[in-house]
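The basis for the numbers below is simple: all heavy atoms, side chains too, and nothing from hydrogens, waters or symmetry mates.
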Amino acid sequence: MRSVLIAYSGGVDSTFLLKVAALTLPRERFLAVTANSPTYPKQELLKSRRMTKKLDVRHKIIKTQELKDRRFVSNTAKRCYFCKKELFSRLKSLAQKYHLKYVIDASSLSDRFDFRPGDRAKKEFRIRSPLAEARLNKKEIRCLSKTVGLPTWNQPAQACLASRIPYGKKILPSILMRVDEAEAYLKRLGFKQVRLRHYNGLCRIEVGRSEVKELFSRRKAIVKKLKKLGYHYVTLDLEGYRTGSMNEILRRG
């Protein structure tokens, strides 16, 4: 590809992609770019800064404005498309500014199993996905990440905070902030894979299946904290964490 701008989130896949770029290209021929907005967990931004510093690569943080797009805020099933359209349009402009030939993201072969309207934006902006092109799945990427010594190899999967809000419910900064604070609290308690799904005064907590019993045993402290954040009812999903659980209603329809 000769030169690339990498959509960098700090997660398992994008960190491995960035490492490959660092092993393959001269430093001046690739740039990691991380989006900063209320739709992304604060801790992920800090992680991306630490990792790019550790890898000694060029890194730029941009502020995206998806919350100014009423089509995104209205939170239809096409929400992800409008978010990615905002992101990729910004990345394309940056790539031109820095004379980088391609914009690439870290989608893998495993991503094809979930509902991803953002893929339409990828096609429109001609974003390439080298990991998917190489037919690498999530398990293989974790294995390769461990092989090259990346501390992210066993990091939990992540997604934007808007994915915690049911379709049809407006995406508001206050909701995103509440969800981010609640998930950060649960992670500080030691839970690794956490999703807190927001339903007005009720929340549905998903943790890894091996962690369900642990969460239930600590329910008193957790309920007290989440009620302070504004939830009237605190529930635990007995199925545990699974990717795209908010999309299950679409599949049933």
Carboxylate-amine/guanidinium contact [X] [Y], below 4.0 Å:
X	Y	value
Glu44	Lys47	yes
Arg164	Glu183	yes
Arg27	Asp56	yes
Lys122	Asp105	yes
Asp237	Arg195	no

Exam field: side chain [X] to backbone [Y], donor-acceptor pair closer than 3.5 Å:
X	Y	result
Thr24	Ala21	no
Arg209	Glu239	yes
Arg178	Leu229	yes
Arg79	Ser74	no
Arg90	Lys63	yes
Gln193	Gly208	no
Asp180	Lys42	yes
Thr52	Ser48	yes
Asn75	Pro166	yes
Thr235	Cys203	yes

| task | Could you tell me whether Arg188 sits above the aromatic face of Tyr185, with NZ or CZ closer than 6.0 angstrom to the six-membered ring centre and within 45 degrees of the axis? | result | no

| request: Please confirm whether Lys92 makes a cation-pi placement over Phe125, using NZ or CZ under 6.0 Å from the six-membered ring centre and within 45° of the ring normal. | output: no

For [X] versus [Y], what's the shortest heavy-atom pair and its separation?
X	Y	result
Val57	Ala22	CG1-CB, 4.2 Å
Arg218	Leu189	NH1-O, 3.1 Å
Tyr8	Thr34	O-OG1, 2.8 Å
Tyr241	Glu206	CA-OE1, 3.6 Å
Pro38	Leu161	O-CD1, 3.6 Å
Ala7	Ser14	O-CB, 4.0 Å

Would you indicate whether [X], at its atom [atom1], is surrounded by more than 12 heavy atoms from other residues, nucleotides or ligands within a distance under 6.0 Å?
X	atom1	answer
Glu133	CD	yes
Arg242	CZ	yes
Met1	CE	yes

| query | What distance do Asp119 atom CG and Ser129 atom OG have between them, rounded to the nearest 0.5 Å? | reply | 7.5 Å

Tell me, do [X] and [Y] make a side-chain contact under 4.5 Å, heavy atoms counted?
X	Y	value
Lys54	Arg50	no
Leu176	Tyr40	no
Val12	Arg142	yes
Gln43	Leu46	yes
Leu196	Tyr231	yes
Ile104	Ile127	no
Leu215	Ile205	yes
Arg135	Ser108	no

| Trace of the side-chain contact (heavy atoms from CB on, under 4.5 Å) decision for Asp111 with Arg116 | CA-CA 8 Å; Asp111 294 321; Arg116 291 182 178 268; 3.0 Å; yes

Test item: side-chain donor near acceptor, [X] and [Y], under 3.5 Å:
X	Y	value
Tyr199	Arg204	yes
Ser9	Gln158	yes
Tyr81	Glu124	yes
Lys169	Asn200	yes
Thr39	Ser37	yes
Ser3	His99	no

| query | Just one of Leu100, Leu5, Leu18 clears the side-chain contact (heavy atoms from CB on, under 4.5 Å) bar with Phe30, so which one? | reply | Leu18

| request: Treat each ILVMFWY residue as a node, draw an edge where side-chain heavy atoms are under 4.5 Å apart, and state whether Leu136 and Leu109 are in one component. | output: no

| Would Ile141 and Leu131 satisfy side-chain contact (heavy atoms from CB on, under 4.5 Å), going step by step from the backbone distance to the final call? | CA-CA 8 Å; Ile141 292 165; Leu131 302 180; 3.8 Å; yes

